[in-house]
Amino acid sequence: MPILYLGLGGTIACTLGPDHLARSTLGAEQLLGQAGRPADVVAEDGGMAASSDLTFADLLAVAARIRRAFEDEGYTGCVLSQGTDTIEEVAYTLHLLQAWPHPVVITGAMRHADLPGKDGPANLQDAMAVARAGEAAGLGVLVVMGGEIHGAAAVTKSHSQSPATFVSPDWGPLGLVAEGRVLIARRPSASPILPATEIRARVNLIRVALDCDPALVEAALGADGLVLEGTGGGHLPARLTPLLARAAERGTVVAVTSRTGSGPSLRHTYGAAGAEADLQRLGILMADGPGLKVRIRLTLALSLSPRPDLGSVLAAWL
Ligand code: ASP
């Protein structure tokens, strides 16, 4: 059964130039060659952008390409390689757009192709093994790096350099790839499907720091939605709440999650101004999960018509 391999640039595709700086130069066909060129995989180039340049429009185009591969071209799995910097956002966006009938697996590399110990070919081989594995279907979009299989909802890049950078903070990886064998240890709970065909909403994200400047929050409120990563269980400085309450009243969706990067936010523990009870009373929604992923859920939800229940979408982080 054929697997489609889409190469999207990133470190896995980088080689050193005459200036000794790494840039994406290797196409999907060359990368497949480094990974043993299996006969059941067809390589296709999807672009060479640094992953920090990707947009939601790019991701909708990738989703459309994968959909066509599964529905019209007989592919039974898809592997995507890209820059690791935004893998967690790409994986989660694709994960929410559709309940994919076959495995969709994303990988990359932390060491470029001209470094000793380059991890790209091994990661690509592991990703192809997962894309072929029947038991990987129905798990949503997966990230395979360093021999581990992570679910899109939980995975995050945790280290700027380490090949073991990808972790799933609350729950750990879903499984492993060992000697090409795919071992799935647990299946994640179902995520909501938010099948946006066009991105119609702009949602900003702010990490709230001690003594956060209200001008920053004010500037961000021009969008359709604002996600704030608050302190601890999802708390804001009380001096920010009047302006957020006014924005919520005018129709901007304001959601608060925790900046800790793991665990849900609170709903009814603390009574201080700026804590969860006060925020909800002012029309601010409590959200669960890292801000990067809450922002994606809210962006897709606000792009749908009719709009799904935002309380459930913002709580659906597992
Ligand atoms: N800067 C690269 C990127 O496009 C980093 C990587 O691939 O790891 O995300």
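One-based numbering, in listed order, for ligands and for the atoms of each. The first residue in the sequence is number 1, and the count goes up from there.
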Begin with the C-alpha distance, continue with both residues' side-chain angles, and end with the deciding distance and a verdict on side chain to side chain contact (heavy atoms under 4.5 Å, CB included) for Val253 and Leu310.
CA-CA 9 Å; Val253 179; Leu310 293 182; 3.9 Å; yes
With side chain to side chain contact (heavy atoms under 4.5 Å, CB included) as the test, would you mind laying out the steps for Ile66 and Leu4 before giving the verdict?
CA-CA 8 Å; Ile66 301 172; Leu4 176 66; 5.7 Å; no
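For the side-chain contact (heavy atoms from CB on, under 4.5 Å) test, residues two or more places apart in sequence or in another chain that qualify with Val41 are Ile3, Tyr5, Leu32, Pro38, Met128, Arg132. Among residues two or more places apart in sequence or in another chain, the salt bridge (charged side-chain N to carboxylate O under 4.0 Å, His left out) test is passed with Arg68 by Glu73.
Of the options Thr84, Leu54, Asp53, the smallest heavy-atom separation from atom 8 (O) of ligand 1 is shown by Thr84.
Per-residue contacts place Gly10 under 4.0 angstrom from the following atoms of ligand 1 (heavy atoms of the residue considered): 4 (O), 7 (O). Near Ala109, the atoms of ligand 1 lying under 4.0 angstrom from a non-hydrogen atom of the residue are 8 (O). Taking every heavy atom of Ala50 and a limit of under 4.0 angstrom, the matching atoms of ligand 1 come to 4 (O).
At least one N or O atom of Asp85, backbone or side chain, sits closer than 3.5 Å to an N or O atom of ligand 1.
Ion pair Arg239/Asp211 flagged as a salt bridge, since at least one NZ, NE, NH1 or NH2 atom sits closer than 4.0 Å to an Asp/Glu carboxylate oxygen.
Scanning the protein heavy atoms around atom 9 (O) of ligand 1, the nearest turns out to be Ser51 OG, 2.6 Å. With hydrogens left out, the protein atom closest to atom 6 (C) of ligand 1 is Thr11 OG1, 2.8 Å, a heavy atom.
Annotation: Tyr270, atom OH; neighbour count of heavy atoms from other residues, nucleotides and ligands within 6.0 Å does not exceed 12.
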